[in-house]
Amino acid sequence: MAHWLYKSEPNVWSWDDQVAKGDAGEPWNGVRNFLARKHLQAMRNGDTGFFYHSNEGKAIVGVVEVVREYYPDPSDETGRFGMVDLKAVRPLKRPVTLQEIRQEPRLADMVLVNNSRLSVQPVTDAEWAVVLELGGL
DNA sequence: GCCAACGTTGGC
DNA sequence: GCCAACGTTGGC
């Protein structure tokens, strides 16, 4: 099973918003980047990912799961981009901040550190375990 | 609020 | 198919 990281500005779509949707999940729409699309297309039902708050908070705050695989994004007029549905699984006991991630040698290769602008990123199994550990899970 | 980094667009 | 210009993102 693969792992991912999703970035969202909390004033647009926050972890609390995601939790409020419950098990029904919510489309992760609005991606307009080809590399991010590639990652979305590679996702499978049951894949888990981190929910990251950019700008405000700058921290990984929770775990989400893919509940619907890639399908067209109706908000994309060009028809080139799609989305997946995500549901909230559980929050981290404590948020893992970007600062902590930068200071952790085992996370030096995380995409978040090296290409912070990519909105949907792959996370390796090793990185997944380290972040869960830092987050108290 | 600034600015660096990056991805996309469009002219040639 | 290249590359300059532009727009956007996101950390600080």
Side-chain angles (χ1 to χ4, degrees):
Chain A
M1 175 157 34
H3 304 298
W4 311 94
L5 182 143
Y6 308 87
K7 286 192 318 188
S8 186
E9 297 192 35
N11 56 357
V12 176
W13 183 252
S14 72
W15 171 251
D16 288 340
D17 294 329
Q18 187 72 52
V19 170
K21 289 293 172 177
D23 286 343
E26 175 74 5
W28 194 265
N29 60 14
V31 170
R32 298 292 183 270
N33 172 288
F34 292 105
L35 186 53
R37 182 181 71 172
K38 191 184 119 191
H39 296 320
L40 289 175
Q41 288 171 326
M43 290 175 190
R44 294 297 170 257
N45 286 329
D47 278 1
T48 47
F50 291 127
F51 193 107
Y52 174 79
H53 278 170
S54 62
N55 276 324
E56 302 278 326
K58 281 178 292 186
I60 294 172
V61 292
V63 175
V64 292
E65 178 182 326
V66 177
V67 293
R68 182 174 175 187
E69 295 178 6
Y70 190 83
Y71 62 104
D73 181 346
S75 74
D76 175 28
E77 294 172 2
T78 71
R80 287 181 298 181
F81 293 95
M83 58 196 184
V84 300
D85 287 3
L86 299 179
K87 72 166 186 178
V89 177
R90 56 178 169 170
L92 298 186
K93 279 186 185 155
R94 46 178 299 277
V96 178
T97 65
L98 181 61
Q99 193 179 11
E100 289 176 277
I101 291 168
R102 288 187 184 280
Q103 287 170 355
E104 169 56 61
R106 290 176 293 170
L107 299 178
D109 290 332
M110 264 193 94
V111 181
L112 192 63
V113 174
N114 298 303
N115 184 3
S116 63
R117 293 192 50 203
L118 185 61
S119 57
V120 179
Q121 311 174 355
V123 174
T124 67
D125 289 345
E127 290 159 357
W128 182 260
V130 171
V131 173
L132 285 182
E133 174 193 319
L134 293 176
L137 294 182

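For clarity, every value in this text was computed on a predicted model and none was experimentally measured. By convention in this document, chain letters (A, B, ...) are assigned in the order of the sequence lines, proteins followed by strands, and residues within each chain are numbered from 1.
For the residue pair Ser54(A) and Arg117(A), no side-chain donor N or O sits within less than 3.5 Å of a side-chain acceptor on the partner. Remark: the Trp4(A) side chain and the Asp47(A) side chain contain an N/O donor-acceptor pair separated by less than 3.5 Å. Asp16(A) and Ser14(A) share no side-chain donor-acceptor pair at under 3.5 Å.
Look at Tyr52(A) and you won't find any side-chain N or O under 4.0 angstrom from OP1 or OP2 of dT9(C).
Note: CD (Gln99(A)) to P (dC12(C)) measures 8 Å, nearest angstrom. With rounding to whole Å, Lys7(A) atom NZ is found 13 Å from dG7(B) atom C1'. Across the protein-nucleic acid pair, Asn55(A) atom CG and dC2(B) atom P stand 16 Å apart, rounded to whole Å. One can place CD1 of Ile101(A) at 10 Å from P of dG11(C), the figure rounded to the nearest angstrom. As a whole-Å value, the separation of Arg37(A) CZ from dG7(B) P is 15 Å. dT9(C) atom C1' lies 12 Å from atom CD of Gln121(A), rounded to whole Å. To the nearest angstrom, P of dC6(B) lies 14 Å from CG of Leu112(A). For the pair Asp76(A) CG and dT8(B) P, the interatomic distance rounds to 13 Å; values are reported in whole Å.
Nucleic acid contact class of Leu118(A) (heavy atoms, under 4.0 Å, all strands): none.
For Lys58(A), taking side-chain heavy atoms from C-beta onward, the closest of the listed nucleotides dG11(C), dT9(C), dT8(B) is dG11(C). Picking from dC6(B), dT9(B), dC12(C) the nucleotide with the shortest atom distance to the side chain of Arg80(A) gives dT9(B). Which of dG7(B), dG10(C), dG11(C) sits closest to the side chain of Glu9(A) comes down to dG10(C). Ranking dT9(C), dT8(B), dC12(C) by closeness to the Asn33(A) side chain, first place goes to dT8(B).
Ring centers of Trp13(A) and Tyr6(A): at least 6.0 Å apart, outside the cut-off.
Within the 3.5 Å criterion, the main-chain N or O of Leu86(A) finds a donor-acceptor partner in the side chain of Gln18(A).
Within 3.5 Å, no donor on the side chain of Arg32(A) pairs with an acceptor on the base of dT8(B), nor the reverse.
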